Colleague: 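One structure is given below, represented as structure tokens, and several questions about it will come after.
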Protein chains: 2
Amino acid sequence: MAGWLAHSVVLDPQGGSDPCSTCVARPLSVCNAIGDADLARLAAVAVVTEAPAGRTFIREGESADCFFNVTAGSAKLFKLLPDGRRQITGFVGIGHFLGLAVSDVYAFSAEAMEPVRYCRFSRARLRGLLDDFPLMEKRLLEVAANELVAAQEQMLLLGRKTARERLASFLLLQSSQGLPCGTSRDRFTLPMSRGDIADYLGLTIETVSRTLTRLRGEGLIELVSQSALAVLDPRGLERLAGGLS
Amino acid sequence: MAGWLAHSVVLDPQGGSDPCSTCVARPLSVCNAIGDADLARLAAVAVVTEAPAGRTFIREGESADCFFNVTAGSAKLFKLLPDGRRQITGFVGIGHFLGLAVSDVYAFSAEAMEPVRYCRFSRARLRGLLDDFPLMEKRLLEVAANELVAAQEQMLLLGRKTARERLASFLLLQSSQGLPCGTSRDRFTLPMSRGDIADYLGLTIETVSRTLTRLRGEGLIELVSQSALAVLDPRGLERLAGGLS
DNA sequence: CGGTCACTTGATCGTCTTCAATACCAGTGG
DNA sequence: CCACTGGTATTGAAGACGATCAAGTGACCG
């Protein structure tokens, strides 16, 4: 874990080495729209940066000079009200593109949950790149469209679902996209705290905790440890998430 | 109002006339990315259609064959739960582009609030058009990014704001983008019913009604009629919407 | 061990919902 | 003109779900 500094740092591109050509995030991100031949141009505008866990590396309201592409670790995106109330709008992982806002300020903040590495692109330079690589623009549009669909689903959750239904929806989402842990296919770890879950689902920590224990009592899930969890009854959980019970 | 039929109808393009060149929605929509010279190509793939008030012209879950561009009237977008709970995810007007989902089914339904006219594009044909007009793709990306920002703001509202704060936020939004009615600059009409407002804000009709009367009692707004309303204290409403009181 | 921190559990409270009644408004027909 | 009607909005009273406040548990660590 050496190398994760206390503050965001710009990594030395190591002389002539091209960080993009070996990037593990490329197949997962919009960068795969740019072929190997043109990769040097992408690498030229990308600034690789790291942030330790807990660091806020995008601040809502600040001047939005850059776009970001997460290449390692994970982060949470959120908006704040003046009195501290927080709404987490999403959790992002490897390959996720950030900062699509057309406005001149960021619409949300981003905080690393585990140490994060990301590529930073100046808006102007990325714009130039997009002009030359329309395929990348296409990929960005796809990504944005997908996020829009997810956002609408989340609005339904926040506006109309009960606490149980919200947790059920959330757990199914995590079990599908979260990485499995241990033997069972339906066992996985929640990389975020109860507080994060609460702020993502529009609930309080206590309600999240209580609801999880209740779901356990009903035999729908098993709480392996504080952060590990197993889905015992996927069908039941799906019915619940869909509002059917 | 003749011409608004009981079911959606495809309008006759009136022989050789090009509907796009005279379209009032063009300056407000992504279509302005295509110059006059190439407008015929756009017109060739657009099918002008109308739907009367109350008609659902996009159904969540149905095969998403087409994109839409609203050229007259207004509509509400929503998602449903099996037991009838409804979350309205947005109200759309002239120039609004619909159906960006990459998935093969629509992620939401759309219902006309007043008689709606829209252009329908088959996915395949629009895709071909986008390949030739990257500027249009750019505009679509801008639109999607803006909607994403709005969606995040709505998540904050649904997840963390009180009923009073939700109404205050909503009224400010409407007063800014809704068309003024009558003399006062801060007087405007709400084109949607209380039920629609409730389903947009994640509340019940009763709470919306009660909260409006309370805001009136506090001198923040004036209820001119059932659908017309005046903002008396914009600053106070803004503080409330921001969570400061 | 004490310490901290995150999570859990319990008791009470408040906001919003639910259920129900009433008011309002436009349209129709006596 | 006025009763009648259907739909929508408002108002009232009771209830429920989740929030708040507070205490207790367990894991990790110096």
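Letters go in sequence order (proteins before strands), and every chain restarts at 1. Model, not experiment: these values are computed from the prediction.
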Colleague: Look at the rings of A:Phe68 and A:Tyr118 and say which category their plane angle falls in: under 30° parallel, 30 to 60° tilted, over 60° perpendicular.
Modeller: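 Perpendicular: the ring planes of A:Phe68 and A:Tyr118 meet at over 60°.
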
Colleague: Across the strands shown, which category fits B:Leu212 at heavy-atom distances under 4.0 angstrom: base, sugar-phosphate, nothing?
Modeller: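 No contact at all - B:Leu212 keeps every heavy atom at 4.0 Å or more from the nucleic acid.
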
Colleague: Please report, rounded to the nearest Å, how far the P atom of D:dC17 is from the CZ atom of B:Arg85.
Modeller: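 So the CZ-P distance, B:Arg85 to D:dC17, works out to 12 Å.
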
Colleague: What is the first contacted nucleotide of DNA chain C and what is the last, in 5' to 3' order, if contact means an atom lying under 4.0 angstrom from a heavy atom of chain A?
Modeller: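 On DNA chain C, the outermost contacted nucleotides are C:dC7 to C:dA11.
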
Colleague: How long is the line joining CG of B:Leu229 and C1' of D:dA9, in whole Å?
Modeller: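 Rounding to the nearest Å, CG of B:Leu229 and C1' of D:dA9 are 14 Å apart.
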
Colleague: By salt bridge (Lys or Arg N to Asp or Glu O under 4.0 Å), which residues pair with A:Glu218, not counting sequence neighbours?
Modeller: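 If we apply the salt bridge (Lys or Arg N to Asp or Glu O under 4.0 Å) test to A:Glu218, skipping adjacent residues, the hits are A:Arg164, A:Arg214.
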
Colleague: Mind checking side-chain contact (heavy atoms from CB on, under 4.5 Å) for B:Ile94 and listing every partner two or more places apart, or none if nothing turns up?
Modeller: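 Partners of B:Ile94 under the side-chain contact (heavy atoms from CB on, under 4.5 Å) test: B:Ala25, B:Leu28.
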
Colleague: Which salt bridge (charged side-chain N to carboxylate O under 4.0 Å, His left out) pairs, counting each pair once, include a residue from residues 193-202 of chain A, with sequence neighbours left out?
Modeller: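 Listed once each, the pairs are A:Lys76-A:Asp196, A:Arg86-A:Asp196, A:Arg86-A:Asp199, A:Asp199-B:Arg160.
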
Colleague: Taking only residues two or more places apart in sequence, or in another chain, which ones meet B:Ser225 in a side-chain contact (heavy atoms from CB on, under 4.5 Å)?
Modeller: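 With neighbours one apart ignored, the set is B:Ser227, B:Ala228.
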
Colleague: Taking protein heavy atoms under 4.0 Å as touching, what does nucleotides 20-30 of chain D look like 5' to 3' if B marks base contact, S marks sugar-phosphate-only contact and - marks none?
Modeller: BB---------

Colleague: Can you sort out the partners of B:Val149 under side-chain contact (heavy atoms from CB on, under 4.5 Å), two or more places apart, ordered by chain and number?
Modeller: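 With neighbours one apart ignored, the set is A:Ala101, A:Ala107.
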
Colleague: Using a heavy-atom distance cut-off of less than 4.0 Å, which residues of residues 236-245 of chain A contact DNA chain C?
Modeller: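 None, since no heavy atom is under 4.0 Å.
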
Colleague: Specify the separation, in whole Å, of atom CD1 of B:Ile205 and atom C1' of D:dT11.
Modeller: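 About 14 Å, once rounded to whole Å.
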
Colleague: Show me the donor-acceptor pairs within less than 3.5 Å that the side chains of residues 230-243 of chain A make with the rest of the protein, sequence neighbours left out.
Modeller:
residue	atom	partner	partner atom	Å
A:Asp233	OD1	A:Arg235	N	3.4
A:Asp233	OD1	A:Gly236	N	2.9

Colleague: Under the salt bridge (Lys or Arg N to Asp or Glu O under 4.0 Å) test, which residues partner B:Glu60, sequence neighbours left out?
Modeller: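 In terms of salt bridge (Lys or Arg N to Asp or Glu O under 4.0 Å), with neighbours along the sequence ignored, B:Glu60 is linked to B:Lys79.
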
Colleague: Rounded to whole Å, how long is the line connecting atom CG of B:Leu167 with atom P of D:dT10?
Modeller: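 Answer to the nearest Å: 11 Å.
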
Colleague: Which residues pass the salt bridge (Lys or Arg N to Asp or Glu O under 4.0 Å) test with A:Arg26, sequence neighbours left out?
Modeller: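 Result, salt bridge (Lys or Arg N to Asp or Glu O under 4.0 Å) vs A:Arg26: A:Asp36.
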
Colleague: Within the structure provided, determine whether A:Leu203 and A:Leu167 are in side-chain contact (heavy-atom separation under 4.5 Å).
Modeller: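 A side-chain contact under 4.5 Å exists here.
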
Colleague: Just to verify, what does B:Asp83 make a side-chain contact (heavy atoms from CB on, under 4.5 Å) with, not counting sequence neighbours?
Modeller: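 Here the qualifying residues are B:Leu81, B:Arg85.
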
Colleague: Measure the distance from CE on B:Met192 to C1' on D:dT8 and round it to the nearest whole Å.
Modeller: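 B:Met192 atom CE is separated from D:dT8 atom C1' by 16 Å.
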
